[in-house]
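A short worksheet on the structure shown next.
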Number of protein chains: 2
Amino acid sequence: MASHGARGRSGGRPTLEEVAARAGVGRGTVSRVINGSPRVSDATRAAVEAAVAELGYVPNTAARALAANRTDAIALVVPEPETRFFTEPYFSDILRGVGAELADTEMQLLLIFAGSDRERQRLAQYLAAHRVDGVLLVSVHADDPLPDLLSQLEIPAVISGPRSAAETLPSVDSDNYGGGRSAVEHLLARGRTRIAHITGRLDVYGAQRRVDGYRDALRDAGYEADEGLVEPGDFTEEGGHRAMVALLSRDPSLDAVFAGSDVMAAGARQALREAGRRIPEDVALVGYDDSAIARHMDPPLSSVRQPIEEMGRRMLDLLLTEIADRRPAASRGLEPRQVVLATDLVGRASS
Amino acid sequence: MASHGARGRSGGRPTLEEVAARAGVGRGTVSRVINGSPRVSDATRAAVEAAVAELGYVPNTAARALAANRTDAIALVVPEPETRFFTEPYFSDILRGVGAELADTEMQLLLIFAGSDRERQRLAQYLAAHRVDGVLLVSVHADDPLPDLLSQLEIPAVISGPRSAAETLPSVDSDNYGGGRSAVEHLLARGRTRIAHITGRLDVYGAQRRVDGYRDALRDAGYEADEGLVEPGDFTEEGGHRAMVALLSRDPSLDAVFAGSDVMAAGARQALREAGRRIPEDVALVGYDDSAIARHMDPPLSSVRQPIEEMGRRMLDLLLTEIADRRPAASRGLEPRQVVLATDLVGRASS
DNA sequence: AGGTACCGTGGGAGCGCTCCCATAGGTGAT
DNA sequence: ATCACCTATGGGAGCGCTCCCACGGTACCT
């Protein structure tokens with residue numbers, strides 16, 4: 001407590017050069033030790049490490065960034081208002097996954113919101129200044145210009161869900177198609193036949209894929225597609241409510257609903273209640289995400305679980321690889337990697 | 001869209017030097033323009049700004065940090081597990097306030113969690129490397145070593161609540177004492193006389209102050225302090241429940257409860273229900289924070305509101321001043337600034 | 001013995017800025 | 001006209017690191 005050891009001898013913090021002098025070696029050698037190069041003899045390494053410890057040496061990040069042209073930082077960009085970030089468990093789960101994986105690294109994570117135009121402006125500036133080595137982009141809409149900006153700036157990036165089937169950026173996603181299928185198959189297995197679907201925002205590719213899975217599962221089971229049973233939602237509770245009301249008035253005989261998210265399922269549940277339908281007796285309900293909402297709903301909601309935390313982990317993995325691969329010149333765009341993780345359906349009382 | 005202008009002429013991004021050449025001036029002059037120095041003629045400034053625009057110049061942060069010995073970044077440190085951060089609206093409100101105030105700045109905000117030992121280790125390393133110009137520390141406990149570490153490293157810092165009456169670090173807090181008083185006065189005005197208090201964690205100074213306010217308000221109204229009516233909680237729902245049970249068994253005649261947080265009030269409400277007490281007929285209930293919980297409780301909860309978002313804003317203000325003041329040598333420790341913001345009681349059906 | 005190969009190492013040359021000193025010119029007072 | 005003084009400007013000297021080339025030494029080959 002009373003002594004700060006050998007620190008601050010000459011006023012400031014120790015530099016590489018001082019460590020070198022102390023260890024009786026050259027600057028280059030200390031640099032090699034610090035960076036874990038194998039081309040250093042054990043004896044030298046030990047001497048340097050001792051000097052580092054004695055002086056309490058910590059490398060100066062700015063100098064390193066300047067000399068090596070890298071920042072050892074990556075950004076998690078959330079192109080949404082902060083509110084959604086705090087409201088939807090999706091984001092915190094991703095963050096948790098990324099954070100867990102990052103702990104093994106020397107990298108620093110920046111959290112950047114880009115919901116408003118102004119924030120996007122700042123972000124563009126920030127990226128142009130190359131202040132991060134890579135970017136994780138979550139919740140991307142079809143017409144978002146951010147991905148293009150990133151590839152233009154040649155900043156490695158990974159997105160949480162492809163924007164289309166022709167996505168070129170590396171991405172990590174869960175199997176939305178399979179998730180959609182499994183929801184429907186689950187309901188069919190429970191004897192339901194008139195299964196409606198409340199979709200998510202259709203400018204989100206994943207939401208489209210859930211619809212595809214829904215349609216194919218029904219068709220494979222021999223049911224003709226009935227477009228009257230598909231109603232677009234927007235991932236909000238109100239949207240779910242609205243969609244449910246529309247569905248009920250259009251086809252009062254429906255006996256099941258697959259909602260594209262738990263939040264929308266909550267809205268749908270409310271609408272079903274108001275219409276006097278019992279869950280699951282009259283109408284079975286299945287959501288998507290398996291969030292806290294699903295567990296706490298009355299009745300508890302069956303839901304398609306995505307391994308969100310793992311998605312975060314995998315996104316970081318991909319990004320780090322991407323950053324490492326940036327060395328051999330001009331291999332841009334070759335074999336982009338798309339990871340798809342399996343979903344599984346968690347059955348509860350609502351179906 | 002199709003052209004990226006003059007960018008990338010010589011492979012990389014433009015440098016100060018290139019801008020200077022383009023504008024026909026020296027490096028120093030460009031630097032002055034970039035940094036808003038007044039000692040530049042209007043004509044020269046215009047020429048430089050034109051060159052900057054044409055080349056799409058963006059200063060290299062690393063170089064600037066190295067040369068100027070500052071990072072233009074500050075950290076918001078949350079010495080708690082991430083879960084609390086996402087669960088409690090307090091943190092997101094602070095973040096929102098800080099973010100809003102920061103938007104006018106060139107500064108970058110880093111969000112750092114230091115809940116686990118490992119994370120704290122990393123944080124210490126990070127701070128030792130002086131990678132931020134200042135730190136905002138929220139939710140500090142009495143025995144937290146972080147504040148001392150910060151002053152040892154001579155890193156400007158502001159904390160969200162003083163650790164004690166003798167706090168030396170600049171801090172921003174709401175008037176916990178006044179908040180506690182107002183809750184009690186509100187209940188007294190409603191004709192309640194046997195007012196219990198469920199406290200927060202007493203190693204949080206603010207929680208203590210609420211207790212002080214509670215005691216003084218009762219005493220000023222002529223009621224003798226009855227220590228049987230004070231029960232420690234821990235800011236959790238379970239803690240609130242437990243405390244309420246204890247209070248009821250100790251003194252069944254109580255007719256009001258002031259809980260040190262809305263979350264604890266929720267726990268208390270549950271316990272009151274289980275004991276068959278009606279709210280507010282039998283027992284009036286007042287919480288603290290005026291969070292979403294308060295509005296959604298059944299019945300809606302009266303609560304002491306703190307201007308959390310403004311606290312965030314003020315914290316940033318203080319920190320920026322602190323950073324700016326760091327220039328004139330050795331004025332350390334002189335007139336630390338402590339800001340205290342007023343609370344106000346939001347009356348609802350629970351009291 | 002001479003040659004070739006590699007290994008561990010030292011240190012120069014920057015990375016792109018900011019800081020600050022020096023300089024040139026302009027202004028007003030003497 | 002002279003001097004003192006101020007303002008706008010140029011550019012050298014670093015900030016602390018990484019990269020890379022060059023060096024001496026050792027080991028192994030022919």
Side-chain angles (χ1 to χ4, degrees), chain A residues 8-49 51-52 55-73 106 128-131 133 327, chain B residues 8-49 51-52 55-73 106 128-131 133 327:
Chain A
R9 166 121 37 223
S10 59
R13 303 161 38 232
T15 69
L16 230 208
E17 193 110 31
E18 288 167 25
V19 174
R22 175 103 181 191
V25 301
R27 258 183 12 257
T29 302
V30 176
S31 177
R32 260 166 243 134
V33 172
I34 300 290
N35 294 293
S37 157
R39 342 194 105 274
V40 182
S41 72
D42 289 348
T44 309
R45 181 187 311 281
V48 171
E49 281 168 351
V52 165
L55 296 175
Y57 170 73
V58 179
N60 179 316
T61 336
R64 175 177 281 179
L66 179 59
N69 195 33
R70 61 188 161 80
T71 62
D72 290 331
E106 295 284 77
H130 278 261
R131 291 183 63 170
D133 292 340
R327 311 233 162 155
Chain B
R9 167 122 36 226
S10 58
R13 303 159 40 230
T15 69
L16 231 208
E17 193 109 30
E18 288 167 26
V19 174
R22 175 103 181 193
V25 300
R27 257 182 16 255
T29 302
V30 176
S31 177
R32 259 164 244 136
V33 171
I34 300 290
N35 294 291
S37 157
R39 344 196 102 272
V40 182
S41 72
D42 290 348
T44 307
R45 166 170 287 112
V48 171
E49 281 169 350
V52 166
L55 297 176
Y57 170 74
V58 179
N60 178 316
T61 337
R64 176 177 279 178
L66 179 58
N69 196 34
R70 62 189 160 79
T71 62
D72 290 331
E106 296 283 78
H130 278 261
R131 290 184 64 171
D133 292 339
R327 311 235 159 155

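Naming convention: chains lettered A, B, ... in sequence-line order (proteins, then strands); numbering from 1 in each chain.
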Self-check item: Proximity to the side chain of Thr15(A) - top-ranked nucleotide from dC15(D), dC15(C), dC17(D)
Solution: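 Closest nucleotide among those given: dC17(D).
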Could you tell me how far apart [X] ([atom1]) and [N] ([atom2]) are, to the nearest whole angstrom?
{"X": "Leu66(A)", "N": "dT18(D)", "atom1": "CG", "atom2": "P", "value": "11 Å"}
{"X": "Glu17(B)", "N": "dG11(D)", "atom1": "CD", "atom2": "C1'", "value": "9 Å"}
{"X": "Asn69(A)", "N": "dC17(D)", "atom1": "CG", "atom2": "C1'", "value": "13 Å"}
{"X": "His130(A)", "N": "dC17(C)", "atom1": "NE2", "atom2": "P", "value": "13 Å"}
{"X": "Leu55(B)", "N": "dG16(C)", "atom1": "CG", "atom2": "C1'", "value": "15 Å"}
{"X": "Asn60(A)", "N": "dC17(D)", "atom1": "CG", "atom2": "C1'", "value": "8 Å"}
{"X": "Ile34(A)", "N": "dT18(D)", "atom1": "CD1", "atom2": "C1'", "value": "12 Å"}

Quiz item: Can you check whether Ser31(A) has a side-chain N or O nearer than 4.0 Å to OP1 or OP2 of dT18(D)?
Solution: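 For dT18(D), OP1 or OP2 has a side-chain N or O of Ser31(A) closer than 4.0 Å.
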Quiz item: At under 4.0 Å between heavy atoms, what does Asn35(B) touch on the DNA or RNA strands: base, sugar-phosphate, or nothing?
Solution: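 If one applies the 4.0 Å heavy-atom cut-off, Asn35(B) turns out to touch the sugar-phosphate alone, with no base involved.
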Quiz item: In degrees, rounded to 10°, what is the bend between the two ends of the helix from dA1(C)-dT30(D) to dT30(C)-dA1(D), using five pairs at each?
Solution: 40°
What pairs of nitrogen or oxygen atoms, one from the protein and one from nucleotides 4-10 of chain C, lie under 3.5 Å apart?
{"from": "dC7(C)", "atom 1": "OP2", "to": "Arg39(A)", "atom 2": "NH2", "distance (Å)": "3.4"}
{"from": "dT9(C)", "atom 1": "OP1", "to": "Ser41(A)", "atom 2": "OG", "distance (Å)": "3.0"}
{"from": "dT9(C)", "atom 1": "OP1", "to": "Thr44(A)", "atom 2": "OG1", "distance (Å)": "2.1"}
{"from": "dT9(C)", "atom 1": "OP2", "to": "Ser41(A)", "atom 2": "N", "distance (Å)": "2.9"}
{"from": "dT9(C)", "atom 1": "OP2", "to": "Thr44(A)", "atom 2": "OG1", "distance (Å)": "3.4"}
{"from": "dG10(C)", "atom 1": "OP2", "to": "Gly26(A)", "atom 2": "N", "distance (Å)": "2.7"}
{"from": "dG10(C)", "atom 1": "OP2", "to": "Thr29(A)", "atom 2": "OG1", "distance (Å)": "2.6"}
{"from": "dG10(C)", "atom 1": "N7", "to": "Arg32(A)", "atom 2": "NH2", "distance (Å)": "3.4"}
{"from": "dG10(C)", "atom 1": "O6", "to": "Arg32(A)", "atom 2": "NH2", "distance (Å)": "3.0"}

Practice problem: Identify the residue among Thr29(B), Val25(B), Val40(B) that makes a side chain to side chain contact (heavy atoms under 4.5 Å, CB included) with Arg45(B). | Solution: Val40(B)
Exercise. Look at the side chain of Arg13(A) and the backbone N and O of Asn60(A), then say whether any donor-acceptor pair between them is shorter than 3.5 Å.
Key: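 Not confirmed, Arg13(A) side chain does not pair with Asn60(A) backbone.
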Quiz item: Within a strict 4.5 Å, meaning less than it, do heavy atoms of the Thr44(B) and Arg32(B) side chains meet?
Solution: no
Exercise. Using the test side-chain hydrogen bond (donor to acceptor under 3.5 Å, both in side chains), find all partners of Ser31(A) that sit at least two apart in sequence or belong to another chain.
Key: Asn35(A)
